[in-house]
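All figures in this text were calculated on a predicted structure; none of them were measured in a lab.
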Amino acid sequence: QVQLEECGGGVVQTGGSLRLSCLVSGKTFSNLSMGWFRQRPGKAREFVAAISWSGYSTYYADSVRGRFTISRDSAKNTVYLQMNSLKPEDTAVYYCASRQYYSGGVFHASQMDDWGQGTQVTVSS
């Protein structure tokens, strides 16, 4: 059974940066497409960014494109989300998720196989 463990959340001022990490264990990392989702208070969980199992393709929500960067390190079984130019509307619980043997470019929360426990990101104005 795969385990996903996020870290790196915290409190930051508007315009600041944070880097989230997600350590993956229990499955072959190179078979997993990885995604980051977030859930704001009173809102549904939404897609933020994803990276293909190969690392060659990345995908972003319009709201974060140009500010956030997703990457993966196969040697460390870890996926990252570098978040720059943070805004108060980025405040949410951020979740790491995986999907095995998926080569498409559309990521829905309902289609992900496994999830981390989430990490809180708070951007103060």
Can you give me the closest heavy-atom contact between Phe37 and Ala109, atom names plus distance?
CE2-N, 3.5 Å
With ring centroids as reference points, do Tyr60 and Phe68 lie under 6.0 angstrom apart?
no
Considering residues, nucleotides and ligands other than Gln117, do more than 12 of their heavy atoms fall under 6.0 Å from its CD?
yes
Heavy-atom closest contact (Met34 atom, Cys22 atom, distance):
CE-SG, 4.4 Å
Check: Val93 main-chain N/O paired with Gln39 side-chain donor or acceptor under 3.5 Å:
no
All heavy atoms of Gly8 vs all of Leu18, minimum pair found to be O-CD2, 3.9 Å
Given salt bridge (Lys or Arg N to Asp or Glu O under 4.0 Å), test Asp113 with Lys27 step by step and report yes or no.
CA-CA 12 Å; Asp113 298 326; Lys27 282 187 179 177; 5.0 Å; no
Looking only at heavy atoms, what is the nearest atom pair of Ala92 and Arg40, with distance?
CB-CG, 3.5 Å
Close aromatic pair by centroid cut-off 6.0 Å: Phe47 and Tyr59:
no
Sorted by first residue and then second, give each side-chain hydrogen bond (donor to acceptor under 3.5 Å, both in side chains) pair with at least one member in residues 81-99; sequence neighbours left out.
Ser17-Asn84, Arg38-Asp90, Arg38-Tyr94, Arg67-Asp90, Gln82-Asn84, Arg99-Gln111
Is there a donor-acceptor pair closer than 3.5 Å between any side-chain N or O of Ser54 and the backbone N or O of Tyr56?
yes
Please tabulate, one pair per line, all N/O donor-acceptor pairs under 3.5 Å involving side-chain atoms of residues 70-81, not counting sequence neighbours.
residue : atom : partner : partner atom : Å
Arg72   : NH1  : Leu32   : O            : 2.8
Arg72   : NH1  : Ser52   : O            : 2.8
Arg72   : NH2  : Phe29   : O            : 2.8
Arg72   : NH2  : Leu32   : O            : 3.0
Asp73   : OD1  : Ala75   : N            : 3.0
Asp73   : OD1  : Lys76   : N            : 3.4
Thr78   : OG1  : Lys76   : O            : 2.8

Smallest heavy-atom separation, Leu4 atom then Val24 atom, equals CD2-CG2, 3.5 Å
